[in-house]
Protein chains: 2
Amino acid sequence: MKFNSALESIKTYEAGKPIELVIREYGIEKDQIVKLASNENPFGCSPKVKDAVRAIIDNMALYPDDSMVKLKTALSQKYGIQANELVIGAGSDQVIEFAIHAKAHGGTKVLMNSVTFAMYEIYAKQVGAQIVRTSSREHDMDEFYALYLEHKPSIIFLCTPNNPTGDAINTAKMMDFIGKIDNETLVIVDAAYMEYARYKDASKAVEPRDLIEKFENVLFLGTFSKAYGLGGMRVGYGIGRSDIIEAMYKVRPPFNITTLSLEAASVALEDEAFVQECIADNFKEMERYEIFARSKGINVIESYTNFVTLSLPEEKNSSKIAQELLKKGMIVRDLSSYGLNAIRVTIGTKFQNDRFFELVEPLL
Amino acid sequence: MKFNSALESIKTYEAGKPIELVIREYGIEKDQIVKLASNENPFGCSPKVKDAVRAIIDNMALYPDDSMVKLKTALSQKYGIQANELVIGAGSDQVIEFAIHAKAHGGTKVLMNSVTFAMYEIYAKQVGAQIVRTSSREHDMDEFYALYLEHKPSIIFLCTPNNPTGDAINTAKMMDFIGKIDNETLVIVDAAYMEYARYKDASKAVEPRDLIEKFENVLFLGTFSKAYGLGGMRVGYGIGRSDIIEAMYKVRPPFNITTLSLEAASVALEDEAFVQECIADNFKEMERYEIFARSKGINVIESYTNFVTLSLPEEKNSSKIAQELLKKGMIVRDLSSYGLNAIRVTIGTKFQNDRFFELVEPLL
């Protein structure tokens, strides 16, 4: 059977190796496997969230409250915005999908950084849009502006902090850039790791309220998958002016968030202390990665997230090192498919990080 | 900001009234509200499912196994199919979305029954496809065939049993029809309520394995939201030949099912006895609706589902009756937006059904 021609250029998404597969393939016991590959919070979520989800387990049969009143109220209060400036997605991922389906199509271009989150391109290709990328590894706002003038894209993606590299855009420079973009171009500020950047460096902090007060063409993305420790529950959000949110709602499927996920995310916002403790621990442990890398003469990209990207010297091959680690039960992300000879490692617990140092040492 | 022109014809989806709103608006206590509006299993899900979800609550931080090996293995065994003939969606709803995004576009038509599941039209409009509908309330295979010849649609939707009317297509007639359709037209058999039809009448039963063995252009849809009592967990599936499934995967977002939902659905398949008991009770209670309706001179459409559609006499207005019931805390579905003077009532527990009879009696 023939399908839409846009599908021809899409590679079927290949899922990462589930722990179960590593067990079978390498005969490693489950409790010997350490996964530092998906930037999950190694401390999980707040115990209050677990209690709240347990308490409503009987509600699994009931369709979710599709007005999402509890979660939208909590998020609106957190950010000082109105409920109609907010859309909830199954991960911020789904909000990216909404935006592309609403704004891009076969006749349009989508501008993004050379190395950045892979889903921008995948969703853009689904609607047949053309991809334009910068050449610089970090977000270079001058290069973005030059490419904007040349290509007049329908959407510009800014990922700050950037995944999979960990660096972040200077907020003042980003605001200057957005101010120069015409109002028919949607600028998406993907801030999935913003809780970490906000903690580490005020000059990298982006407040969605500032963004949408100043600009009518911006969509800010946040998620519960990282700092809030709910990667498995698929909850993210987009914040923008109400006309943008209204367009997102037109392409949103009803009941896109599960009953348990709505409760989990709402209650997670009631325990910010837990999140801040996790973030403090994250940066304390990150220092150990930096010291370790320096001692090995390996370059670490300055990170504003819960992961570090180790750029390897030419004589070391990132795919090979990731493969060797996998055989020992240590799952990290090889970045060769991004054109980088680097591995991305999620900051784990002290125990998990010790294990990483121990296993990677003989390979470097 | 301007968005894609297809969005202009889409009405923003209006969610049904959440119970919380009914509480506020009418001052009714929560425990006095009975919701028979969304065809949820009134007995919930199997207790084994609840135990299994409680047992993995610590995994909420972990991204789902995107290969979905456990659920796909269980479903493949249940239906006697291969894993590559199966795609999992966030509700069968999401599989409808995949199919439309993969196969339909602005230049194509989508054929469906006059009265049927609302999301077919909503998703088709998102990609700008043109809607063609039959005139008959029940699926009339001859009319479908005539419209197929006239319009050459890219997708044909057959909903059996049909929502929101409850009637089902004779399987032999449906198979004859599909056999006459060219292989470039995707025929979607939406069988969200098939567990009920299979129980009640073998002549309405559709086995996905038969379908995909015989036809290369069919996608069968099933769900955990109805008989399996997991409406809040958002898990459905599509079964078709591997080339169709491959196309669905190209437009599927990664991690589209939550970690807890994957576990819930997998374990639900281990307790078919629970599901069969719920279905038996459903049809026992449905008889009471039929007797009640007859005693009131009201027509009930013969139902192969877990709901009944009560067609009201002209002098009774369905919107008004639904509104009166709502004021008393009884939530049912008014079908006036489908062009029917009817209300759709989910078969509840004996207690809930008694309450319905008690509250509706003075209104008829």
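In the text below, chain A, chain B and the rest are named by the order of the sequence lines, each starting its count at 1.
- No part of B:T108 comes within reach of chain A, as not one of its non-hydrogen atoms sits under 4.5 angstrom from that chain.
- In plain terms, the two heavy atoms of A:V251 and B:Q126 that are nearest each other are CA-NE2, 3.4 Å.
- Among A:R54, A:Q94, A:H105, A:E184, the residue with the largest count of heavy-atom pairs under 4.5 Å with chain B is A:E184.
- At a 4.5 Å heavy-atom cutoff, A:Y228 makes no contact with chain B through either its backbone or its side chain.
- Listed here is the closest heavy atom pair of A:A61 and B:G44: CB-CA, 3.5 Å.
- Residues A:S261 and B:M60 are not in side-chain contact: their nearest non-hydrogen atoms beyond the backbone lie 4.5 Å or more apart.
- Atoms CZ and CG, from A:R234 and B:L260 in turn, are 12.5 Å apart once rounded to the nearest 0.5 Å.
- Each of B:I96, B:L186, B:V127 has some count of heavy-atom pairs under 4.5 Å with chain A, and the biggest count is that of B:L186.
- The minimum heavy-atom distance linking B:I100 with A:N4 is given by the pair O-ND2, 4.3 Å.
- Proximity of B:P254 to A:D93: side-chain heavy atoms (C-beta onward) are separated by under 4.5 Å at one or more points.
- Looking at heavy atoms from C-beta onward, B:I57 lies in side-chain contact with A:V53 at the 4.5 angstrom threshold.
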Item to complete: Show your reasoning for whether side-chain contact (heavy atoms from CB on, under 4.5 Å) applies to B:K250 and A:F3.
Response: CA-CA 11 Å; B:K250 286 192 174 181; A:F3 290 92; over 6 Å; no
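- When each of A:A264, A:A90, A:G229 is scored by its heavy-atom pairs under 4.5 Å with chain B, the top score falls to A:G229.
- Taking the side chain as every heavy atom from C-beta outward, A:F255 and B:S225 never approach each other to under 4.5 Å.
- Contact tally against chain B (heavy-atom pairs below 4.5 Å) for A:H101, A:E97, A:K125: the top residue is A:H101.
- You'll find the side chain of A:T259 stays beyond 4.5 Å of the side chain of B:M233, heavy atoms only.
- Looking at B:L262, neither its backbone nor its side chain comes within 4.5 Å of chain A, counting heavy atoms on both sides.
- For chain A, the nearby part of B:A104 is the backbone; its heavy atoms alone come within less than 4.5 Å.
- With a 4.5 angstrom heavy-atom cutoff, A:D243 touches chain B via backbone and side-chain atoms both.
- For A:G231 against B:P64, the heavy-atom pair with the smallest separation is O-CD, 4.0 Å.
- When B:I244, B:N59, B:N256 are compared by the number of non-hydrogen pairs under 4.5 Å with chain A, B:I244 comes out ahead.
- The minimum heavy-atom distance linking B:Y63 with A:K226 is given by the pair OH-NZ, 2.8 Å.
- Looking at B:A102, the atoms closer than 4.5 Å to chain A (heavy atoms on both sides) sit in the backbone and in the side chain alike.
- Within the 4.5 Å cutoff, no side-chain heavy atoms of A:M1 are placed close to those of B:E216.
- Only the side chain of B:Y123 comes within contact range of chain A, with at least one heavy atom under 4.5 Å from a heavy atom of that chain.
- Within the 4.5 angstrom heavy-atom criterion, no atom of B:M68 approaches chain A.
- Heavy-atom distances place both the backbone and the side chain of B:N217 under 4.5 Å from chain A.
- In this structure, the side chain of B:K103 engages the main chain of A:K2 through a donor-acceptor pair within 3.5 Å.
- Proximity to chain A is limited to the backbone of B:N183, based on heavy atoms less than 4.5 angstrom apart.
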